[in-house]
Amino acid sequence: PSRTRRPRTRPAQEPRLPFRNSQSPKPPLQSRHTHEDPTFLTSYEVAQLIETSRTTVQRWIDAGELKAFRTIGNHRRVKPEDLASFLRNQGMPVPPSLQQKVRILVIDEDRRYGKALKVMLAGADKRFDVAVAGDGLDGLISIGVRHPDIVLLDAVMRGWNGFEVCRRIKRTPETKDIKVVGVSGRAASEEPFRKAGVDAFLEKPFDARLAVAVVALLGLGPGTEMPG
């Protein structure tokens, strides 16, 4: 009897990668220098950010003009916030990657007004990250969660009014350094707000002055006149 031949099977092979010729696009080179939320910047990275030479940056550091420190290997390192401060003092533009977000919390029981205020602030400066709370208790909870830099606080609210919320913010060690702007449609509210420890007061209605006042508050220090 004749034998039936079985077809030969070839062993499975790994798929071959296509041959890259000179016409094939090459993958982009990955830079070892990144600027996304860096903890510290090298002198090279500083030079790349502000488009100057590395030698110039090193000269600023060695002269004590640009605050920096040296590693164990004697390499210069700069904090992003120190570079931003240096650029502002020199009247030089600050790159967007060094501009930190400003967290703002609006506490107002009028939701429509709060949302309108949020839109106005966000349009005034892209750095502003604005949230809205509807009453004093909700506002204090939001403060614990968001840790805002500035609170815009309405005087008249159900439950705790703005004066009581301000007192609670200012007497708590974890929140006492938050800037508080008292807001009211009555000029008479300014005095009780001041007694509660508010940093500034704005009377309704207001326009783009608010954004200017908020920016001014960020630079408040001892002996600085408060916007009113």
Side-chain angles (χ1 to χ4, degrees), residues 35-39 79-81 84-85 88 94-186 189-190 192-221 224 226-228:
H35 306 298
E36 296 182 2
D37 193 24
T39 304
K79 291 182 179 180
E81 55 267 32
S85 177
R88 292 190 189 100
V94 179
S97 59
L98 295 179
Q99 297 177 4
Q100 298 180 345
K101 288 286 185 181
V102 179
R103 296 182 300 274
I104 302 175
L105 176 64
V106 177
I107 305 179
D108 196 309
E109 68 177 6
D110 186 342
R111 290 283 184 173
R112 292 175 61 184
Y113 176 80
K115 290 180 179 179
L117 197 55
K118 177 178 180 178
V119 172
M120 187 181 76
L121 285 167
D125 196 315
K126 292 182 179 180
R127 295 175 302 158
F128 292 167
D129 179 14
V130 188
V132 180
D135 56 52
L137 179 58
D138 188 20
L140 290 174
I141 294 174
S142 297
I143 288 173
V145 174
R146 290 179 54 84
H147 307 289
D149 302 299
I150 298 175
V151 172
L152 301 180
L153 181 59
D154 190 45
V156 181
M157 293 184 292
R158 59 184 180 275
W160 292 332
N161 59 29
F163 314 126
E164 177 60 26
V165 174
C166 182
R167 279 191 289 269
R168 289 174 179 268
I169 292 173
K170 291 299 184 180
R171 75 186 182 196
T172 303
E174 292 79 12
T175 60
K176 63 182 180 64
D177 293 328
I178 295 175
K179 302 296 184 182
V180 180
V181 181
V183 176
S184 176
R186 299 173 61 249
S189 298
E190 180 174 3
F193 257 134
R194 297 286 184 182
K195 290 181 179 179
V198 79
D199 295 286
F201 176 80
L202 288 172
E203 185 177 351
K204 297 179 181 178
F206 44 75
D207 47 26
R209 292 184 309 135
L210 174 63
V212 176
V214 167
V215 173
L217 277 174
L218 292 177
L220 277 178
T224 304
M226 292 184 295

(message) Once rounded to the nearest 0.5 Å, what's the spacing between atom CG of Asp177 and atom CG of Asp149?
(response) 11.0 Å
(request) Please determine which of Val180, Val151, Leu140 meets the side-chain contact (heavy atoms from CB on, under 4.5 Å) test together with Val165. (result) Leu140
(message) Return the CZ to CD1 distance between Arg146 and Ile141, rounded to the nearest 0.5 Å.
(response) 14.0 Å
(request) Mind telling me whether Phe193 and Phe163 have parallel, tilted or perpendicular rings, with 30° and 60° as the class edges? (result) perpendicular
(request) Verify the neighbour count for atom NZ of Lys79: are there more than 12 heavy atoms of other residues, nucleotides or ligands below 6.0 Å? (result) no
(request) Determine whether Val94 and Arg88 make a side-chain contact, defined as any pair of heavy atoms from C-beta on separated by less than 4.5 Å. (result) yes
(message) Just to verify, what does Glu81 make a side chain to side chain donor-acceptor pair (under 3.5 Å) with, not counting sequence neighbours?
(response) none
(request) Could you tell me whether the side chain of Ile104 reaches within less than 4.5 Å of the side chain of Leu121, counting heavy atoms only? (result) yes
(request) Can you measure from SG (Cys166) to NZ (Lys195) and round to the nearest 0.5 angstrom? (result) 13.5 Å
(message) For the CZ atom of Arg112 and the CG atom of Leu117, what is their distance to the nearest 0.5 Å?
(response) 14.5 Å
(request) Please examine the side chains of Leu105 and Ile178, heavy atoms only from C-beta on, and report whether any two atoms are closer than 4.5 Å. (result) no
(message) Taking side-chain hydrogen bond (donor to acceptor under 3.5 Å, both in side chains) as the cut-off, I'd like each qualifying pair that reaches into residues 150-163, sequence neighbours left out, listed once.
(response) Glu109-Arg158, Asp154-Lys204
(message) Please enumerate all residues that pass side-chain contact (heavy atoms from CB on, under 4.5 Å) together with Ser85, with sequence neighbours excluded.
(response) Asn89
(message) Going by side chain to side chain donor-acceptor pair (under 3.5 Å), name the residues that satisfy it together with Arg168, two or more places apart in sequence or in a different chain.
(response) Glu164
(request) Provide the closest heavy-atom pair for Ile107 versus Met157 in the form atom of the first, atom of the second, distance. (result) CG2-SD, 3.6 Å
(request) Sort and list the pairs that fulfil ring pair (Phe, Tyr, Trp, His ring centres under 6.0 Å) and have at least one residue in residues 133-156, not counting sequence neighbours. (result) none
(message) Looking at Arg186, is its backbone amide N or carbonyl O close enough to the side chain of Ser184 to form a donor-acceptor pair, meaning the two atoms are under 3.5 Å apart?
(response) yes
(message) Can you list everything that forms a side chain to side chain donor-acceptor pair (under 3.5 Å) with Thr175? Sequence neighbours excluded, please.
(response) none
